Amino acid sequence: MLEMAWGAGGAWETSNTLGRTRARSAGPEAQATPRWPEARLGRRKLLAPASPRGKKKKMSQKQMKEAFVSNHNGTSVLEVTQGLCLPVLCILCRGLLVILSQLSRSSHTWRARFFIDFVFLIVPLVTTLTILSSFIYLEHLAVIIFGAGLFYQIYHQRTCYARMPVQKILEKFSKISLESEYIPAISCFRVINSAFTAVAILAVDFPLFPRRFAKAELYGTGAMDFGVGGFVFGTAMVCPEIRKKCMEGSKFYSFTKSLYSVWPLVFLGMGRLIIIKSIGYQEHLTEYGVHWNFFFTLIVVKLITSLLLTFFPPNKSWVVAVSITVLYQLALDLTPLKRVILYGTDGRGTRAGFFNANREGIMSTLGYVAIHMAGVQTGSYVLKKRSHIKDWIKVACCILLTAVSLFVSLYIVQVNVEKVSRRMANLAFCIWIVASSLILLSSLLLGDIILSFAKFLIQGAVVPCSWKLIQSPATNKKHLEALVSEAERKKPSLCLITAINRNQLIFFLLSNITTGLINLLVDTLHSSTLWGLFVLCLYMFTNCLIIYTLHLQDKTIKFW
């Protein structure tokens, strides 16, 4: 339907019609929002006849793409949560399939492992954000049935405790010990968010991407709105302050170290700004502003949080997170700050001066600082030394209950205070990001526990990016060596999840570069569904293969 509208009436007419429809369906606050001067200017440019030399035609194409990704209201919180949980089920099914293949003593080359990881991790993300976006329940049902079938086969072909009743097996499993130095759920969390972001930043330019998943203009919970917040939360869980990489001694050592460590982000942020402005690439002005971008947000958040963590211990970060969000929301409600963010200091949408030009990006950093501190609190709790599986079950349940409590709080805040706004990064936005992140993290922990139980049933089972069982359930070492060779046990690192997690920033940068190249070479606005799906799969396959190759070569690209 959207493609027909574009073909019949043009990009601006479609965007304008959708905008009027949303204005009629929205409340009085949305209807009272004045049009920006830039929007009126953009409309005049779009309605102007194309120049024979093609200069104005190029500008018209840019404005069409900007209108295509702007003025959206997002989707429901439930749909975003469902979309986040699907990769968890896919990762679990991938692990069960690997165990079952080892049971049949079949070996995999690195090409086969890459293909399996790509099919189970990347392809479901691409289809969920495009052609199968309206069938999320059926996707969950299909993956659950497939996973249940795999688990059934593993249980009935188990090589350990074959004649023992299930209650006794569970009792023995609860006493098993796990490797506590490495938490696979955190790595998977970061990779899922990175892969989701990589798919979305290109898919949003194609008609097959549902507009409800795009970033919300003022209020709303678009699927893409979670990407930035989830990235900040995932980075905070493994920050140096938690991993105790900073030396004891100088109180401000971590802050001075942060000053040095952000220089690659400065380089990337400035590089992106110069390239975007020089080639006239399309921009979503109200996302961060005229000059601001995500890299600059990361720089400010990193410096502020490093300074805060010199005064507050990581296990008290939740106090800082709550204080910042509450005080910021009070400032939005009781002072002219909200009006300044939305309409500028003159109330007319001015972009004169550095602050007015970038007011959304500058002020929203307060919300991201709070999200980062919440991630630090979560990381300090999850990364505590634990070995028994029953302890990790308690952790997963505790995080899940906290997420449910935050979702209840989100409902109360949206009804009584203000709805979610990524543009302002207000209280509701921070609660939503943290709650969704905790849901994803707890789901991954529970998935790892189920996968560990499947490994517990099979002697010598090895799954990439999963917990290693310290106390082996097998007592027959000869049988263990016969089932899985020493060389095979050293291959778990050869997986796409480990590769992306190892070079996450490079993966993000590579995705941005290839997205820009595809937008310059392909007419994404008028692409068919089949062509758009092919380009997306090829784009993700290329990015993942490059990162996977770096991992095979044991290369970690890090400049700081």
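Just so it is clear, the model here is predicted, and its values are computed rather than measured.
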Asker: Taking Thr221 for its side chain and Thr75 for its backbone only, find out whether a donor-acceptor pair lies under 3.5 Å.
Answerer: yes
Asker: Kindly assign one of parallel, tilted or perpendicular to the pair Tyr548 and Phe114, based on the angle between their ring planes and the thresholds 30° and 60°.
Answerer: tilted
Asker: Testing the basics here: between Thr130 and Leu533, what is the closest heavy-atom pair and its distance to 0.1 Å?
Answerer: OG1-CD1, 3.8 Å
Asker: Which atoms form the tightest heavy-atom contact between Ala214 and Val204, and what is the distance?
Answerer: CB-CG2, 4.0 Å
Asker: So Ser466 and Lys455, do their side chains get closer than 4.5 Å, heavy atoms only?
Answerer: yes
Asker: Please test Leu441 against Ser437 for side chain to side chain contact (heavy atoms under 4.5 Å, CB included), starting from the C-alpha separation and ending with a verdict.
Answerer: CA-CA 6 Å; Leu441 181 61; Ser437 299; over 6 Å; no
Asker: On a heavy-atom basis, which atom in Leu97 and which in Leu150 lie closest, and how many Å separate them?
Answerer: N-CD1, 3.9 Å
Asker: Evaluate the side-chain proximity of Phe209 to Met224: yes if any heavy-atom separation is below 4.5 Å, no if none is.
Answerer: yes
Asker: With sequence neighbours left out, what residues match Val300 under side chain to side chain contact (heavy atoms under 4.5 Å, CB included)?
Answerer: Trp292, Ile304, Thr365
Asker: May I ask you to check whether Phe294 and Phe231 place their ring centers less than 6.0 Å from one another?
Answerer: yes
Asker: Apply ring-ring contact (aromatic ring centres under 6.0 Å, His included) to the pair Phe295 and Phe508, showing each step before the final yes or no.
Answerer: CA-CA 11 Å; Phe295 294 109; Phe508 179 73; 5.8 Å; yes
Asker: If we ignore hydrogens and angles and just use 3.5 Å, is the side chain of His551 paired with the main-chain N or O of Ile547 as donor and acceptor?
Answerer: no
Asker: So that I can tick it off, tell me whether Asp225 and Arg422 are bridged by a salt bridge, with the cut-off set at under 4.0 angstrom between side-chain N and carboxylate O.
Answerer: yes
Asker: Can a donor-acceptor pair be found, under 3.5 Å and without considering hydrogens, that links the side chain of Asp117 to the backbone of Cys495?
Answerer: no
Asker: Can you list the residues that meet the side chain to side chain donor-acceptor pair (under 3.5 Å) rule with Arg272, with sequence neighbours excluded?
Answerer: none
Asker: Report yes or no: does Ser436 contribute a side-chain atom to a donor-acceptor pair with the main-chain N or O of Ile433 at less than 3.5 Å?
Answerer: no
Asker: Is there a donor-acceptor contact under 3.5 Å from the side chain of Arg158 to the main chain of Tyr161?
Answerer: yes
Asker: Give the C-alpha distance, both sets of side-chain angles, the deciding distance and a yes or no for side chain to side chain contact (heavy atoms under 4.5 Å, CB included) between Thr325 and Ile431.
Answerer: CA-CA 9 Å; Thr325 51; Ile431 294 175; over 6 Å; no
Asker: Is the number of heavy atoms from other residues, nucleotides or ligands within 6.0 Å of OH (Tyr152) greater than 12?
Answerer: no
Asker: Rounded to the nearest 0.5 Å, what separation is found between the CG atom of Leu121 and the SG atom of Cys90?
Answerer: 8.0 Å
Asker: Is the shortest heavy-atom distance from the side chain of Asn543 to the side chain of Ser511 under 4.5 Å?
Answerer: yes
Asker: Could you state the interatomic distance from CG (Leu268) to CG (Leu273), rounded to the nearest 0.5 Å?
Answerer: 12.5 Å
Asker: Supply the atom-to-atom distance Leu545 CG to Met540 CE, rounded to the nearest 0.5 angstrom.
Answerer: 12.0 Å
Asker: Please name the pair of heavy atoms, one in Asn426 and one in Ser421, separated by the smallest distance, quoted to 0.1 Å.
Answerer: OD1-N, 3.2 Å
Asker: Can you measure from NZ (Lys394) to CZ (Arg386) and round to the nearest 0.5 angstrom?
Answerer: 10.5 Å
Asker: For Val98 and Ser101, which heavy atoms make the closest approach, and how far apart are they?
Answerer: O-OG, 2.6 Å
Asker: Begin from the C-alpha positions of Arg190 and Thr235 and carry the test side chain to side chain contact (heavy atoms under 4.5 Å, CB included) through to its verdict.
Answerer: CA-CA 8 Å; Arg190 289 157 55 83; Thr235 302; 4.1 Å; yes
Asker: Rounded at 0.5 Å granularity, tell me how far CG in Asn315 sits from NZ in Lys384.
Answerer: 7.0 Å
Asker: Identify the heavy atoms of Asn293 and Gly269 that sit nearest to each other, and give their distance.
Answerer: ND2-O, 3.1 Å
Asker: Is the closest side-chain heavy-atom distance between Phe429 and Val434 below 4.5 Å?
Answerer: no
Asker: Does the side chain of Cys544 reach to within under 4.5 Å of the side chain of Phe507, using non-hydrogen atoms?
Answerer: yes
Asker: side-chain contact (heavy atoms from CB on, under 4.5 Å) with Thr378: which of Thr402, Ile242, Ile186, Leu438?
Answerer: Leu438
Asker: Any salt bridge between Arg212 and Glu79, counting N to O under 4.0 Å?
Answerer: yes
Asker: State, with a plain yes or no, whether a side-chain heavy atom of Val395 is found less than 4.5 Å away from one of Tyr381.
Answerer: yes
Asker: Is a donor on one side and an acceptor on the other found under 3.5 Å between the side chain of Ser380 and the backbone of Gln377?
Answerer: yes
Asker: Between the side chain of Gln102 and the main-chain N/O of Val462, is any donor-acceptor distance below 3.5 Å?
Answerer: yes
Asker: For the backbone of Pro314 and the side chain of Ser317, can you confirm whether one donor and one acceptor N or O come within less than 3.5 Å of each other?
Answerer: yes
Asker: Any donor-acceptor pair under 3.5 Å linking the side chain of Asn193 with the backbone of Gly227?
Answerer: yes
Asker: Within the 4.5 Å heavy-atom criterion, are Phe135 and Thr127 side-chain neighbours or not?
Answerer: no
Asker: Ignoring hydrogens and angles, state whether a donor on the side chain of Tyr539 or Thr515 is under 3.5 Å from an acceptor on the partner side chain.
Answerer: yes
Asker: Pairs of donor and acceptor atoms involving the side chains of residues 80-88, under 3.5 Å and at least two apart or interchain, shall be tabulated with distances.
Answerer:
{"residue": "Thr81", "atom": "OG1", "partner": "Val77", "partner atom": "O", "Å": "2.9"}
{"residue": "Gln82", "atom": "NE2", "partner": "Tyr137", "partner atom": "OH", "Å": "3.0"}

Asker: Give the ring-plane orientation class for Phe189 versus Phe233, where under 30° counts as parallel, over 60° as perpendicular and anything between as tilted.
Answerer: tilted
Asker: I want to check something: taking the side chain as every heavy atom from C-beta on, are Ile389 and Phe453 in contact at a cut-off of under 4.5 Å?
Answerer: no
Asker: Treating Asp448 as the side-chain partner and Ala185 as the backbone partner, does any N or O pair qualify as donor plus acceptor under 3.5 Å?
Answerer: yes
Asker: Test Thr498 against Ser187 for side chain to side chain contact (heavy atoms under 4.5 Å, CB included), laying out the working first.
Answerer: CA-CA 7 Å; Thr498 307; Ser187 298; over 6 Å; no
Asker: About how many Å separate OG1 of Thr197 and CD1 of Ile201, when rounded to the nearest 0.5 Å?
Answerer: 7.5 Å
